[in-house]
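Note that the structure is predicted; figures quoted are calculated from it, not measured. For the numbers below, each heavy atom of this structure counts, side chains included, while hydrogens, waters and symmetry mates do not.
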Amino acid sequence: EAAFLAGLLKAPEGYSPYTNYKGAKMRQKLVLEKMEDYGYITRKQRQDAINEKLKFSPRTQSYSKYPYFVQYVINKLISKYGDDIVRRGGLRVYTTLDPEVQEIAEKVIKEGVGSLAGRTGASRGALVSINVEKGHIQALVGGVDFAKSNFCRATQSRRAAGSSFKPIVYLTGFRTGKINPDSIVFDSPISFNTGWNVWRPKNWDGKYMGKMTVRRALTLSRNTPTVRIALRVGIDRVIETARLVGLKGEIPHNYSITLGSLGVSPLELATAFSTFARDGVYIEPTAIRRVENKDGKIIEINSPTPVYAVSPNFVQWLNSILIDVVEKGTGRNAKLNDRKVAGKTGTT
């Protein structure tokens, strides 16, 4: 073990046994050969040491608080500055994390998933909170227990958005002038040829409610009116709106995305809804306020850069409906007594 550790001194990260066991073992052999050459050990001792099986402790992270948030920041820094600078460069990193919000978020996910497990079998959860004014990520939770799974479901997992994608379809209808909140749409059976097969979207309850306003269709999260609006505006314009409000991943060119088949991360979806909350102003979310080098010189600073993505008039129409979703539609569980809440359910 001592010879193995001595061999790591040349490049501790490069020869880490967790990532480069073969290289680390080669270095150990070199150390033992030199020890024999200089008479510190015999040939037999050298061979016995080489053959001895080594046991390693499980690799642990060097931080304990807010591990999902911290790992997200580290990954961002490594992609920009490289692993060596981040690990050993003496950087001072100032993040956007709000400890109080983060601790509440972690508690909510742990307790929420725990309460669901018995009824639904759910064992994982994720949560992202973005400060609307500045686009700062103030809380990010990627799972229930980082020690058991460091895969961050808040940023790395792309799950079907379900009906939470529908506001993008309706916003597309508003910005293209095809509909307004009082326009009439029909909740009735619909089918069309996709080129591969005949698609017959249905509502979650298997029922149809007939003639209704756009406002009511989105408030009650009806599927067939959403598809009808998407057909009216075209899938290219729906994808265009999705890009404008902040969805950056791959978006398939098919109409099933209008009902939420598109895989998105919680961070992406929170970004889109924060754009709604700013009445159509997009801000790239960030977890890093600024970065200083070891001498205290600022090498990165992140200030909000507003992009006026969608006309506020159209987004205000949408938001007025999303308030109805919470007050008298599918999202009543999100209602709060002390403020207006706008939102959208998305079940898959």
For Ala154 and Ser265, which heavy atoms make the closest approach, and how far apart are they?
O-CB, 3.7 Å
Check for a donor-acceptor pair, side chain of Thr275 on one end and backbone N or O of Val245 on the other, with a separation under 3.5 Å.
yes
Looking at Ile184, is its backbone amide N or carbonyl O close enough to the side chain of Thr213 to form a donor-acceptor pair, meaning the two atoms are under 3.5 Å apart?
no
Please examine the side chains of Phe186 and Met212, heavy atoms only from C-beta on, and report whether any two atoms are closer than 4.5 Å.
no
Please check if the number of heavy atoms outside Glu284 that lie under 6.0 Å from its CD is greater than 12.
yes
Tightest non-hydrogen contact, residues Leu91 and Asn293, listed as CD2-CA, 4.1 Å
Between the main-chain N or O of Leu8 and the side-chain N or O of Arg27, is there a donor-acceptor pair closer than 3.5 Å?
no
Closest approach of Pro181 and Phe174, non-hydrogen atoms and distance?
N-CE2, 3.8 Å
Quiz question: by atom type and distance under 3.5 Å, do the side chains of Gln28 and Lys25 form a donor-acceptor pair?
yes
Is the number of heavy atoms from other residues, nucleotides or ligands within 6.0 Å of CZ (Phe151) greater than 12?
yes
Under 3.5 Å, is there a donor-acceptor pair linking the side chains of Thr224 and Asp187?
yes
Would Lys107 and Glu111 count as a salt bridge (Lys or Arg N to Asp or Glu O under 4.0 Å) if you check the C-alpha gap in whole Å, the side-chain angles of each, and the deciding distance to 0.1 Å?
CA-CA 6 Å; Lys107 184 172 182 282; Glu111 292 180 354; 3.2 Å; yes
Given side chains that start at C-beta, do those of Tyr68 and Glu106 come closer than 4.5 Å, heavy atoms only?
no
Does some side-chain heavy atom of Tyr170 sit less than 4.5 Å from a side-chain heavy atom of Val214?
yes
Among pairs that include at least one residue of residues 229-259, which meet ring pair (Phe, Tyr, Trp, His ring centres under 6.0 Å), considering only residues two or more places apart or in two chains?
Phe192-Tyr255
Do other residues, nucleotides or ligands put more than 12 heavy atoms under 6.0 Å from the CG atom of Asn51?
yes
Report the hydrophobic cluster partners of Tyr38, with the cluster defined as I, L, V, M, F, W, Y residues connected by side-chain heavy atoms closer than 4.5 angstrom, directly or transitively.
Val31, Leu32, Met35, Tyr40, Ile41, Ile50
Do Tyr94 and Ile301 have side-chain heavy atoms sitting under 4.5 Å apart?
no
Got a sec: does the CZ of Arg153 have more than 12 other heavy atoms crowding it under 6.0 Å?
yes
Taking Glu300 first and then Arg290, would you say they form a salt bridge - that is, a charged N and a carboxylate O separated by under 4.0 Å?
no
Using a 6.0 Å cut-off, check whether atom CG of Asn337 has over 12 heavy atoms from anything other than its own residue.
no
For Gln316, look at atom CD and say whether over 12 heavy atoms of other residues, nucleotides or ligands are found less than 6.0 Å away.
yes
Indicate the atoms forming the closest heavy-atom contact of Val144 with Ser123, along with that distance.
CG2-O, 3.8 Å
Going by the side-chain hydrogen bond (donor to acceptor under 3.5 Å, both in side chains) test, name the single residue among Arg228, Lys166, Lys202 that passes it with Asn223.
Lys166
To check you understand the geometry: which heavy-atom pair defines the closest contact between Ile168 and Thr172, and what is its length?
O-OG1, 2.7 Å
Enclosure of Arg158 CZ (heavy-atom neighbours >12, cutoff 6.0 Å)
yes
For Phe276, which residues count as a ring-ring contact (aromatic ring centres under 6.0 Å, His included) partner, sequence neighbours excluded?
Phe273
Can you tell if the side chain of Arg232 reaches within under 4.5 Å of the side chain of Ile179, non-hydrogen atoms only?
yes
Is there a salt bridge (Lys or Arg N to Asp or Glu O under 4.0 Å) between Asp205 and Arg222? Walk through the geometry before answering.
CA-CA 9 Å; Asp205 56 4; Arg222 307 305 287 174; 3.1 Å; yes
Dump the intermediate steps for side chain to side chain contact (heavy atoms under 4.5 Å, CB included) on Ile323 and Val341, then the final yes or no.
CA-CA 6 Å; Ile323 289 171; Val341 177; over 6 Å; no
Could you tell me whether a side-chain N or O of Asp98 sits under 3.5 Å from a main-chain N or O of Glu100, the two making a donor and an acceptor?
yes
Evaluate the side-chain proximity of Arg237 to Thr241: yes if any heavy-atom separation is below 4.5 Å, no if none is.
no
Sidechain-backbone polar pair: Glu268 side chain, Gly249 backbone, donor-acceptor under 3.5 Å
yes
Counting the benzene-type ring for Trp, do Tyr66 and Phe146 have ring centres under 6.0 Å apart?
no
Does some side-chain heavy atom of Lys340 sit less than 4.5 Å from a side-chain heavy atom of Glu327?
yes
Inter-residue atom distance Leu269.CG - Leu247.CG, 0.5 Å rounding
7.0 Å
Lys178 atom NZ, neighbour heavy-atom count above 12 within 6.0 Å
no
Would you call Arg215 and Thr219 a side-chain contact if the rule is heavy atoms closer than 4.5 Å?
yes
Flag for Lys211-Ser188: side-chain donor and acceptor within less than 3.5 Å
no
Could you tell me if Asn75 and Gln71 have a donor-acceptor pair between their side chains, going purely by distance under 3.5 Å?
yes
Atom of Val227, atom of Pro201 and distance for their closest heavy-atom approach:
CG2-CG, 3.9 Å
For Glu240 and Arg175: C-alpha separation, side-chain torsions, deciding distance, then whether salt bridge (Lys or Arg N to Asp or Glu O under 4.0 Å) applies.
CA-CA 11 Å; Glu240 180 183 71; Arg175 59 184 289 264; 2.9 Å; yes
Let me see the working for Ser303 and Lys134 under side-chain hydrogen bond (donor to acceptor under 3.5 Å, both in side chains), right down to the final yes or no.
CA-CA 8 Å; Ser303 298; Lys134 297 182 178 180; over 6 Å; no
